[in-house]
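Shown next, in structure tokens, is the structure this report addresses.
Heavy atoms only: backbone and side chains are in, while hydrogens, waters and symmetry mates are out.
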Amino acid sequence: MAAPIKFGVGQSVLRKEDDALIRGKGRYTDDTAPQASLHALVLRSPHAHAKFTIDASKARTLPGVALILTADDIADLGGLPCLFNFEVDPFTGPPYPILAKDEVRHVGDAVAFVVADSIDHARDAIEAINVNWTPLPAVSGVANAVKPGAPQVWPDKPGNILFDVPIGDKKATEEAFAKAHAVAEISIVNPRVVASFMETRAAVCEYDAKRDHLTLTAGSQGSHRLRDILCQNVLKIPTDKMRVICPDVGGGFGTKLFPYREYALLAVAARKLKKTVRWAADRSEHFVGDAQGRDNVTTARMALAEDGKFLAMDVDLMGDMGAYLSTFAPYIPHGGAGMLPGLYDIQTFHCRVRTVFTHTVPVDAYRGAGRPEAAYVIERLVDACARKLDMTPDAIRRKNFIQPKQLPYKTITGKIYDSGDFAAHMKRAMDVANWKEFPKRVKAAKKEGLVRGIGMSSYVEICGTMGDETANVRLDPNGDILVLIGTQSSGQGHQTAYAQIVAEQFGVPPERVHVHQGDTAEIATGLGTGGSASIPTGGVSVQRATTELGKQMKVLAAEALETSAADLEINNGVVRIAGTDRSISFADLAKRPGGDKLNGSATFNSADGTYPNGTHIAEVEIDPATGIVRIVNYVIVDDFGVTLNPLLLAGQVHGGVMQGIGQALMERVVYSPTDGQLITGTYMDYALPRAADGVAFHFETHNIPCKTNPMGVKGAGEAGAIGSCPAVVNAIVEGLWREYKIDHIDMPATPERVWIAIREHQRRHSL
């Protein structure tokens, strides 16, 4: 029987997590550390590339110092692994040591780990460690790294290339270009960004000497993955020797999905000292110790027929790996390349993918993980095609969109789009944005000395392909429902979302559903949260486990009520004989013999993935006198298949769009090209968007249920960050092209860059 409408799937249930969080009652990693814990700090390299010798003997004698670890002290540890490789043409990655030995390869590279009875004593010890540095040539930026004679990051990786692989058919693509009526081409930079979550990484490690057992508490996106990698690859101990707990997590964006050096070092220190050790990164460490995102340089071309039809697409993509390979790093550009055709019927395609080492912080998955980069390329290129043929952005998209009658559609890169109506959400977005009246707004802005620009992005992504996720749904002794699942919330609202799925079947209010995540001792397996997989995969598992629990409850209730299980219905916390007032409450059912064993379990694997898609339209005003870009309107029409909770969904989309706006207008990691120094190492130098940099978004859905997902849902957590960057930059370029015939600007479109582009145009035309 359907749940009360105010609780079930599709309803805007308020987040049950928020009461504790807004009252300051959240429990984050650093809140869980016992007061008697020892404190740890990491000594990091000030050089991007250097040989070094280290002597910690004096520092070890200082007051309060309990332990100092250097590479020689942890020679038995394995390094951090890269978990991605090709089935064909596998590559060998370089070592990623827990502490660098003899040579460092990026600013912030870890060389020593200090444990003391206070932060101050740990800092004193850090300063007392004697390191003799011999700086070496360094290189930053993939374009510099692949130049002949560039400094080498790894001696056995000539040209700083990890792999150079093709996707698609190069010969057929060349033939199509030879016959083309016209060719559009863009060369763009997707800048490196810092994953600026609210809670910096932190961890606490406890050691039980009697059991030879470690308990690691860390703000991660997945307790099981973290435990398994640390135990199997680094510490080389059985996984039952470590428990990992993830309490409240203050944001992750992919960057907290990976294992890091500090977690292994804390385990070693706790075991050696037989004491609890805590560590928390400060913001400066966050800039040099956590994986960074994006950082692609791409040239893309489209072969065009006279009527605007896309004949072939050719791409040259270089992805910056940084100095070491983070957990999934090589997959990001290679996997993202599979989404380069976007929503378009492109029959001929070729992409060259190169992954490049530089003397910089490692790069890995960041909200979207390759799909935002792909969407940015294709949507910038489509606008360039429109300019080339003097077509409107919507007309050329409409001409080349995959049509609903073609679905399911297998792209040239092997992705299967199961559902959607791409022209429909573009049209709806244009209507809401009042696209037809835009010329009037251009004239009004011009009277104010401003340039108005409008741009769109029609994106698609693949998500929800993490693998098997198992959910256990149990009846508690008090009649409440307990959900155990291996996903990990870092702000998404899983407590509420999963409660709604249970409520849909049982009709209980969300406060009677308790979701437990992030504890390897309580939950047997788990993938963690990444790739917008929690609801498409974990949600289905919860739904099916709830159904299984309901069947078991009816069997037990049938005995109590002396009826057939087929005559029973579940709603509002009771099991009732349909059409009568005879019932048994969940609490009474739990007290009956066997009630403590009521437990539904289900596993689901979203192997086919889901393909959320939509259209973003941004409208901007550019001040030619200052180069300042202001967003004045933003419309989003998305297809997420089925909406579980409109409030949660809007929050996810708004947050993602703001991250995209930040990247489009201001965010950029800058390294010195001469010595690899990190120039944007604090928030004094690295800009983040504030509320005033956005606008009151118009967001709605044009949902077409996913045919490969039992709930019909399509992942939504990353979509906002995927559609936003190209929409904003296309809007800026549209205005600059109309007024000045400027057809290119790279992200971030800072006031300085916009001002210089306009001044360069004026200078050229004044000669």
Exercise. Between R201 and Y263, does any side-chain donor sit less than 3.5 Å from a side-chain acceptor?
Worked result: yes
For this session: Scan side-chain atoms only and decide if D480 and H514 contain a donor-acceptor pair under the 3.5 Å cut-off.
Result: yes
Exercise. In terms of heavy-atom contacts, does CD of E562 have more than 12 from other residues, nucleotides or ligands at under 6.0 Å?
Worked result: no
Problem set entry | Donor-acceptor side-chain pairing of T276 and S37 below 3.5 angstrom | no
For this session: Salt-bridge test for D248 and R27: reply yes if a basic N is under 4.0 Å from a carboxylate O, no otherwise.
Result: no
Exercise. Under 6.0 Å from the CG atom of L21, do we count more than 12 heavy atoms belonging to anything else shown?
Worked result: yes
Exercise. Do H494 and T487 touch side chain to side chain, with heavy atoms closer than 4.5 Å?
Worked result: yes
Problem set entry | Steps toward salt bridge (Lys or Arg N to Asp or Glu O under 4.0 Å) verdict (R371, E718) | CA-CA 9 Å; R371 290 101 73 201; E718 297 156 297; 2.6 Å; yes
Problem set entry | Electrostatic pair R592-D588, nearest N-O below 4.0 angstrom | no
For this session: May I ask you to decide whether E569 forms a salt bridge with K554, counting only side-chain N to carboxylate O separations under 4.0 Å?
Result: no
Exercise. Taking C-beta and beyond as the side chain, do L484 and R474 meet within less than 4.5 Å on heavy atoms?
Worked result: yes
For this session: Inspect the contact between D212 and R271 and indicate whether a charged nitrogen and a carboxylate oxygen are less than 4.0 angstrom apart.
Result: yes
Exercise. Within 45° of the six-membered ring axis of F197 and under 6.0 Å from that ring's centre, is NZ or CZ of K256 located there?
Worked result: yes
For this session: Before giving the answer on salt bridge (Lys or Arg N to Asp or Glu O under 4.0 Å), spell out for R225 and D228 the whole-Å C-alpha distance, their side-chain angles and the decisive distance to 0.1 Å.
Result: CA-CA 5 Å; R225 188 189 302 273; D228 293 351; over 6 Å; no
Problem set entry | Ion pair R294/E373, N-O distance below 4.0 Å | yes
